[in-house]
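Have a look at the structure below before the remarks.
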Amino acid sequence: MSRYNAKEVEAKWQAIWADRKCFEVEPDSSRPKYYVLEMFPYPSGRIHIGHVRNYTMGDVVARYKKAQGFNVLHPMGWDAFGLPAENAARDKGVHPAEWTYANIAAMRDELKSMGLSLDWSKEIASCHPGYYGHQQKLFLDFLKEELVYRKESWVNWDPIDMTVLANEQVIDGKGWRSGATVEKRKLNQWMFRISDYSEDLLDNLDKMDRWPDRVRLMQQNWIGKSTGAHVSFDVIDEADSLEIYTTRPDTLFGASFMAVSADHPFTQKLAKNNADVAAFVAECHQMGTSEEAIEKADKKGVDTGFTAAHPFIEGKRLPIYVANFVLMDYGTGALFGCPAHDQRDWDFAKKYGLDILPVVSSDGNKVSDLGDAPYTGPGKIINSDFLNGLEVEAAKTEIIERLEKLGKGSAKVNYRLRDWGLSRQRYWGCPIPVIHCDACGTVPEKEENLPVVLPNDVTFDKPGNPLDHHPSWKHTPCPSCGKDAVRETDTMDTFVDSSWYFARFCSPRADIPVERDKVDYWLPVDQYIGGIEHAILHLLYARFFTRAMKITGWSHVEEPFAGLFTQGMVTHETYRSTSGEWLLPEEVALNDSGDLVEIEGGGPVTIGGIEKMSKSKKNVVDPGAIIDKFGADAARWYVLSDSPPDRDMEWTDAGATGAWRFKQRLHRYIIENTETAGVPGMQEPGEIPEAALTLRKTAHKTIMQVTENLENLHFNNAIARIYEFMKALNDYDVSDQSDGSRWVLREALETIVNLVGPMMPHLAEELWQLLGHQTILADSPWPQAIKALTIEDTVTMAVQVKGKLRGTIEVAFNEQSDRVEEIALAQKSVQNAIGENTIRKIIVVPNRIVNVVI
RNA sequence: GCGGGUGUGGCGGAAUUGGUAGACGCGCUGGUUUUAGGUACCAGUUUCUUAUGAAGUGGGGGUUCGAUUCCCUCCACCCGCACCA
C-alpha cells in the first residue's frame, strides 16, 4: 500500500490553491464578511512554533468561516521596522533593508509551507514606502486635528552611543551596549494625545464582549481612572501655592507633610539656590525613567525648609519635601502625605520622624486602628473638625464642597494613562514628516512630497542616529518659506506601524492610506488572534488610532477588533549536559536502556523544567524541521489537539508523532473504503440498515459538536470528537453492500474529511479528491447536522441512591418521570442500596439522572 | 501590596455550566499480526480493597437530594499592575 507522502501532497495543494486564487477576496455585498487576522510577525528570519500555533488557529477559523459561506479576509504582512535590523547592520554590516527583505522572503516561504489560507495578494510590509508613506499622511492629518503634538519629556540617554534607550535597554543604570551610566535628558518628543481618550477607551471596554475579561481588566488598570480632588496649599512666605492631587481628600486633616517631584517647577526653582535639593534632584535623575527603577529605589526625600499652610487648620504648617517616589507625570507632581492611611506616606513618615495622626476609625469609636501598618479600610472620620462622624465617602464629598467654597480645590478625575511618545532616534523606522525652520518653526512636510523616504546610503559606524549624520538627507527647503531648513530626523515608534495595518489590508495598494468603501466593508476585524504580551500597549494604541482615523475621516468604526483571542505560549522541556550547557532537543535521544543521553558522545542529560521556548535555554524546536518530518498537517493538528488554545502547551515529539499517526490512519481508512462507499452525488435510498443508521447518527452528532467547538475556538475538543468518530468508523462493519449502507458510508467519509478540512487542509483536499470529487474542498460548504439524527431514541440514565451511583437504566428519550422511577426502583442494585430504609423522595432529571433519597 | 487566573490519573486535558468524574490524546502493561521500522490491530490502565465495595477533582468547612462546578477559608503556582497620591 502506498504511504501518504505529505511533502508532495502538501506542495501540490498549495500550488493549486494559489493557481485558483482560492483565498483572494474582494468586498461582496451579497455575502456576510468575516475578517480573521493574526498579529503580523516581526521578520526575524525564521518562524517559530509560537507562530505555527498562532497562524494555525487563525487559519482554522478562516477556513471554517469560508466553508460556512462567509466572505473571509485573511491577510498577512510584516511588522518590519525595528531595532534588530539596525543591530544586524551594525554587527554584520548588512543594510537593514536588505536584511529585513531577506528575512521576509525566508519567512514567507516557511509560512507558505504551512498551507495557510492567506490572501497573499494583500501582503504588506511596514518598512515599504508604499506603507509608511501613508502612515506619514495619517500623521499629518492627526497633526491638523491636534491629535499629535510636540513636548519636552524625559528619556534615557546613552552618552557614548548617543542614543535614547528603551527601559529594557537600561541594565542596572547602564546602557546595554556601551555600559555607560545612563543619563536622564529632556528631549523634544512627538506625542499622541491618547490620554484625551481615556474615558472613551475605558467606557467602550464594557461593550467589547468578545474580548477576554483578563485583557479588558488589564486595559482598565492601565488606563487607571481615579476620582479625587485637586487641593491648593499656600507656601509660607512665598507667592507660590502648591497644587496637589489626592484620592483621599477625606484624610486631609491627617496631613503631616507635603511631597513634590524632583521635576516639579517648585523643585527646579529651588534647586538653583539650594545645593542639597540640587544634589537630590541629580540623584533622582540617575534612577532611570522606568517605573520599575523608581520602585526598586529606596523611598527618599529632602526637606526643602519650606512649609505649606493647611487650608482648614489655622496655623498648621506642613514641611515640604522633594521625594523620589512622586512622579511628575501623574496628577500634579505634588501630594500631601497622610501617614496614618497610606503605606507609602507611612514609610516616609517613619523614616523622617513625621507625625502620624489617625483620622479614620474603622468603627467610629476606636481611637486608632494603627499597629505597625497604616489603616486603609473604610470607617468614620475622626480628629477632623467638621468631617467627624462621616463615612469616608461622605467625607470626600463634604470636604470637596468646602474646598470649592474656599476656592482652594475641586473634584478631579485622574487617569494613569499618559500620552504616547512616538519619537525614536533611530534609522529603521517611519520618518516623521515635519521640517524645522528657523523662521517658521515646526512645519509639516507638503503632502505632494510624501512619502518622505529613508535614504539608502547610511552608515552605522558612528554612534547616534544615522539620519542625523547623513550628509544631505535632512537638509531641505522649508515648505512654508522656502529657506534652508532641517528635516526631523526622528522616526516613529514601531507601535505606530501596527496601529493601523489591519485597515491598510483592506486596500493594500491604494494610493491613499485606506479606501473608505473597503474599510467600511471589512472593518472591524471579527477575530483577532495573538499573544497576551500585546494585551496593553499594541491593543490600546490600535484602539486610539482607530478613533483618530475616525476623527480624520478615514474610517467609520469605533473599535478595531470585535473579537480578540489570546493564545498561550508553546513550552518545551529543557536539557543540560553534565558540564551544565543547555542542549537542543535534537541533540539528545533515548538510549537502549531508556535514559536520555547526548547523541554526540553519549553523555548523560539532565532534564530541566518545562519552560517557554527561548534561544538562551535552547529548548526550541524548528518548525521547518517539524514540517519536514511530520508534514504541515500533522504539525497543525498537533498544536491544536492537546491543550486549550488560551493555555500554554508543551511541545513533545511523542505528541507530534500521535498527530502524524492519525493522519496516516485516516488516509488509509479512506483509501480502503472508498470503493465500498457509494458514488458522489448518489441519491439517498429509501431504506437504511440499522447499523448504518447508527453510524449516520454518530456522524451528525459529530458535525454538531465539532461545529460548536469551532465556533467557540475549542479546537482541542473538536479534535477529540473527530477521534471518536474515527473510532466509530473503525468499529463499523463495512461488509453490507446495500445501497443504504453504501450511501451512509459515503456520507460518513465525506463528513470526516469535511470536519478535518480546516485543521489538516492538504490531507483533506487529497482525500476529497480520492472520494471522487472534481471540486476543491476549500470551496466546499460546511456539512449541516440534521437535528433529528442527533437525538437518540433511548438514553442511559444514572440512578443514584442518596447521591451515590448505584446503576444505570436505559429508557426512552423524554420518558415520563413516574415511568422512569418505576424502572429505576426495579433495579436490583438500587433495591440493595435502599434496603430497609423508607424512600423520602425521588428526584428525576429528565434524560440525565434519578436520585432516590432515603 | 492590589487585581486576575490556575490547581482533576504517570502526563496534556474533558465534563452538556449543579446531574454517571477521568472523554480524547500521549505514555505505560499485556497480547495478536508483521520482512524490518518512530508499523498496524485487540485488551487493559485513578487509588485502595477481604472482589464486595470504599475513597477520590490542592487542604479544611458550608449550601444542596446531588458539588470538579456555587459560597467561605487556607495553601501552592502563574500572569498583570504597582511608590498612582
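Lettering of chains follows the sequences in order, A, B, ..., and the numbering in each one begins at 1.
For rA76(B) and rG62(B), the C1' atoms lie 23 Å apart once the distance is rounded to whole Å. Between the P atoms of rG3(B) and rC48(B), the separation comes to 42 Å (whole Å). Distance check on atom P: rA36(B) versus rU47(B) gives 34 Å, rounded to whole Å. Rounded to the nearest Å, the gap between the C1' atom of rG44(B) and that of rG10(B) is 15 Å. Comparing the C1' positions of rG4(B) and rG9(B) gives a spacing of 29 Å, expressed to the nearest Å. On the C1' atoms, rA55(B) is 15 Å away from rU8(B), given to the nearest whole Å. Nucleotides rC74(B) and rA85(B) are separated by 26 Å at their P atoms, to the nearest Å. Distance check on atom C1': rC77(B) versus rA67(B) gives 24 Å, rounded to whole Å.
The listed nucleotides are rA85(B), rG3(B), rC24(B); the one nearest the side chain of Leu217(A) is rG3(B).
Aromatic pair Trp660(A)/Tyr638(A): ring centres not closer than 6.0 Å.
Between the C1' atom of rA43(B) and the CG atom of Asp731(A) lies a distance of 13 Å, rounded to the nearest Å. As a whole-Å value, the separation of Met258(A) CE from rA85(B) P is 16 Å. In this structure, CD1 of Ile719(A) is placed 10 Å from C1' of rG25(B), rounded to the nearest angstrom. The distance from atom CG of Asp646(A) to atom C1' of rC78(B) is 14 Å, rounded to the nearest whole Å. Between the C1' atom of rA40(B) and the CH2 atom of Trp660(A) lies a distance of 11 Å, rounded to the nearest Å. We find that NZ of Lys225(A) is positioned 19 Å from C1' of rC81(B), with the value rounded to whole Å. The nearest whole Å value for the distance from the CZ atom in Arg214(A) to the P atom in rG3(B) is 17 Å. As rounded to whole Å, 17 Å separates atom C1' of rG25(B) from atom CD of Gln664(A).
Summarising the geometry, atom CZ belonging to Arg214(A) is positioned 10.5 Å from atom CG belonging to Leu217(A); distances are rounded to the nearest 0.5 Å.
Base engagement by Tyr245(A) is indicated by at least one non-hydrogen atom pair under 4.0 Å involving a base atom. Across all strands shown, Arg806(A) has heavy atoms under 4.0 Å from sugar-phosphate atoms exclusively, and none from any base. Nucleic acid contact for Tyr638(A): none, since no nucleic acid atom lies under 4.0 Å from a heavy atom of the residue. Across all strands, Lys412(A) comes closer than 4.0 Å to no nucleic acid atom at all (heavy-atom distances).
In terms of the ring pair (Phe, Tyr, Trp, His ring centres under 6.0 Å) criterion, residue partners of Trp420(A) (sequence neighbours excluded) are, by chain and number, Phe192(A), Tyr541(A). Considering only residues two or more places apart in sequence or on other chains, Ser198(A) meets the side chain to side chain contact (heavy atoms under 4.5 Å, CB included) condition with Ser195(A), Ile223(A), Tyr415(A), Leu417(A). Qualifying ring pair (Phe, Tyr, Trp, His ring centres under 6.0 Å) partners for Tyr321(A), counting only residues two or more places apart in sequence or in other chains: Phe348(A), Tyr352(A). Looking at residues two or more places apart in sequence or on another chain, you find a salt bridge (charged side-chain N to carboxylate O under 4.0 Å, His left out) between Asp213(A) and Arg216(A). His538(A) is linked by a ring pair (Phe, Tyr, Trp, His ring centres under 6.0 Å) to Tyr528(A), His534(A), counting only residues two or more places apart in sequence or in another chain. Partners of His310(A) under the ring pair (Phe, Tyr, Trp, His ring centres under 6.0 Å) rule, at least two apart in sequence or in another chain, are Phe253(A). With sequence neighbours left out, the side chain to side chain donor-acceptor pair (under 3.5 Å) criterion links Thr707(A) to Trp782(A).
No donor-acceptor distance shorter than 3.5 angstrom exists from the side chain of His264(A) to the backbone of Ala334(A), with no hydrogens or angles considered. Side chain of Asn837(A) to main chain of Ile834(A): a donor-acceptor pair is present (N/O by atom type, distance under 3.5 Å, no hydrogens or angles).
Residue pairs meeting the salt bridge (charged side-chain N to carboxylate O under 4.0 Å, His left out) criterion with at least one member in residues 700-722 of chain A, sequence neighbours excluded: Lys65(A)-Glu711(A), Lys701(A)-Glu792(A), Arg721(A)-Glu724(A). Within the structure, every pair that satisfies the salt bridge (charged side-chain N to carboxylate O under 4.0 Å, His left out) test and touches residues 332-342 of chain A, not counting sequence neighbours, is listed here: Asp342(A)-Arg344(A).
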Listed pairs, N/O of protein and of nucleotides 46-50 of chain B, under 3.5 Å:
none

- Message: Does the protein touch nucleotides 9-20 of chain B at the base, only the backbone, or not at all? Give it as B, S and - per nucleotide, heavy atoms under 4.0 Å.
- Response: ---SSSSB--BB
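Checking the phosphate oxygens (OP1, OP2) of rG25(B), no side-chain nitrogen or oxygen of Arg661(A) falls inside 4.0 Å. In terms of phosphate contacts, Arg665(A) brings no side-chain nitrogen or oxygen within less than 4.0 Å of OP1 or OP2 of rU39(B). Between Lys804(A) and rC65(B), a side-chain N or O to OP1/OP2 separation shorter than 4.0 Å is absent.
Residue-to-nucleotide proximity on RNA chain B shows that, of Thr657(A) and Lys727(A), the 5′-proximal contact is made by Lys727(A). Of the two residues near RNA chain B, Val326(A) and Asp653(A), the one whose nearest nucleotide lies more 5' is Asp653(A).
Paired regions of RNA chain B, where each region holds three or more successive Watson-Crick or G-U pairs whose two hydrogen-bonding distances fall under 3.5 Å, are B:1-7 with B:75-81, B:10-12 with B:24-26, B:27-32 with B:40-45, B:46-48 with B:53-55, B:58-62 with B:70-74.
Glycosidic conformation, rG22(B): anti, with the torsion outside 90° of 0. Against the 90° criterion about 0, the sugar-base torsion of rU17(B) places it in the syn range.
One finds a salt bridge joining Lys629(A) and Asp653(A) here, because a Lys/Arg side-chain nitrogen approaches an Asp/Glu carboxylate oxygen to under 4.0 Å.
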